[in-house]
Amino acid sequence: MTITSPHLGSPTAWTDARLLYALEEVVEKELNRHLKVAKDWMPHEYVPWSDGRNFPGLFEDGEAWDKDQSQVTEIGRIALVVNLLTEDNLPSYHHEIASLFGRDGAWGTWVHRWTAEEGRHGIVMRDYLLTSRAVDPDKLERFRMSHMSEGFESDNRHSMLHSVAYVAFQELATRISHRNTGHQSGDPVCDRMLARIATDENLHMVFYRNLLKAAFELAPDLTMQAVRDVVVNFRMPGHGIPGFERAAAQMAIGEVYNLRIHHDDVLQPVLRFLKVLEIDGLGPEGRQAQEELGLYMGGLDAEAAKFDEKLAARKARMAARAGG
């Protein structure tokens with residue numbers, strides 16, 4: 001680590017500035033690793049341009065949108081809109097991490113690289129949706145204007161350490177959401193596009209997860225408290241989207257993203273990799289945060305089990321109706 005003086009390991013000594021400086025070496029190492037494994041790709045190569053045609057407006061021969069023009073399923077349509085609107089708020093995300101992490105050195109290089117890579121996701125998704133006519137273009141634009149006009153402020157903007165902990169989980173959550181949306185979309189072209197995006201999101205998760213690991217080695221008590229806070233209060237960045245609660249409920253039923261997926265495929269993999277619940281040598285506040293995190297995960301698993309039962313019962317009812 002860049003800073004190893006014992007007195008800097010005490011919780012009272014750490015500030016965001018000191019943590020940023022102490023982790024700079026790790027950021028540079030992870031940035032170099034990322035650049036070696038990340039593959040450039042062209043958004044336009046994932047869009048079925050030959051399916052495109054004019055919409056009404058400046059073109060007199062424009063064809064009005066109708067949902068039957070696309071093979072994308074209803075749950076795929078809902079999830080695609082949520083996923084794209086989440087990506088649309090990239091300017092707010094960039095502003096926030098640039099303010100927290102800075103624009104200099106390895107931190108700044110990562111901030112700009114991450115932003116450039118994330119920008120591809122919004123480009124390719126919007127091009128696909130409009131070309132394939134998977135969603136109502138007028139409604140999509142109104143949603144975008146409404147969502148971006150509100151801006152975005154993270155629940156963790158007060159702390160660099162909380163922000164690193166949040167994105168370690170959030171990038172994986174986004175990857176899972178994109179991947180499951182592709183599986184449920186009913187369109188192989190959409191599935192391939194979202195698989196490509198999910199690969200990027202996974203690499204971003206690995207970057208932040210490894211950075212979080214270094215933070216645990218450097219300031220274990222503070223990092224444990226940050227992880228506890230983030231996990232217990234976790235919200236996806238799209239929570240401000242118009243109609244998000246209803247869309248999230250539909251995505252849960254459609255098995256794009258729900259409590260079981262959140263517990264098993266997002267929280268648990270990161271916690272297990274970092275052995276968060278097994279870390280010892282913590283101070284009183286760190287131990288308390290660790291215990292509270294363990295209790296929360298147990299309660300979340302129980303809630304997920306209840307959801308599983310309700311979902312299974314719903315599927316059984318629908319199967320009975322279809323067969324009757």
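On a predicted model such as this, the values are computed, not experimentally measured, just so you know. Just so it is clear, the values below take in all heavy atoms, side chains as well, and ignore hydrogens, waters and symmetry mates.
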Residue pair Asp280 / Arg287, side-chain heavy-atom distance below 4.5 Å: no
4.5 Å side-chain heavy-atom contact, Asp221 and Glu285: no
Asn258 versus Ile261, closest heavy-atom pair with distance: OD1-N, 3.0 Å
Close side-chain approach of Asn180 to Glu255, heavy-atom, < 4.5 Å: no
Salt bridge flag under 4.0 Å for residues Glu117 and Arg113: yes
Contact summary for Ser163 and Leu100, nearest pair of heavy atoms: OG-CD1, 3.0 Å
Mutual orientation of the aromatic rings belonging to His34 and Phe207 [parallel < 30°, tilted 30-60°, perpendicular > 60°]: perpendicular
Geometric class of the Tyr257/His262 ring pair [parallel <30°, tilted 30-60°, perpendicular >60°]: tilted
Pairs meeting criterion side chain to side chain donor-acceptor pair (under 3.5 Å) with involvement of residues 100-110, two or more places apart: Trp110-Tyr208
Flag side-chain contact, heavy atom, 4.5 Å: Arg179 against Ile197: no
ILVMFWY network linking Phe273 to Val26, side-chain heavy atoms under 4.5 angstrom: yes
Arg126 and Asp88 ion-paired at < 4.0 Å: yes
Inter- and intrachain pairs under side chain to side chain donor-acceptor pair (under 3.5 Å), touching residues 46-55, at least two apart: Arg53-Glu63, Asn54-Asp61
Heavy-atom side-chain contact between Arg133 and Val72 under 4.5 Å: no
Validation row: Arg144, Leu140 side chains within 4.5 angstrom (heavy atoms): no
Ala165 versus Val230, closest heavy-atom pair with distance: CB-CG2, 3.9 Å
Met236 side chain near Thr86 side chain, heavy-atom distance below 4.5 Å: no
Path from Leu277 to Leu222 over hydrophobic side-chain contacts below 4.5 Å: yes
Side-chain heavy-atom pair Asp40, Arg120 within 4.5 angstrom cut-off: yes
Ion pair Arg196/Asp191, N-O distance below 4.0 Å: no
Short side-chain donor-acceptor distance under 3.5 Å, His204 and Gln170: no
Closest approach of Asp16 to Leu161 (non-hydrogen atoms, all atoms of both residues): OD1-N, 4.4 Å
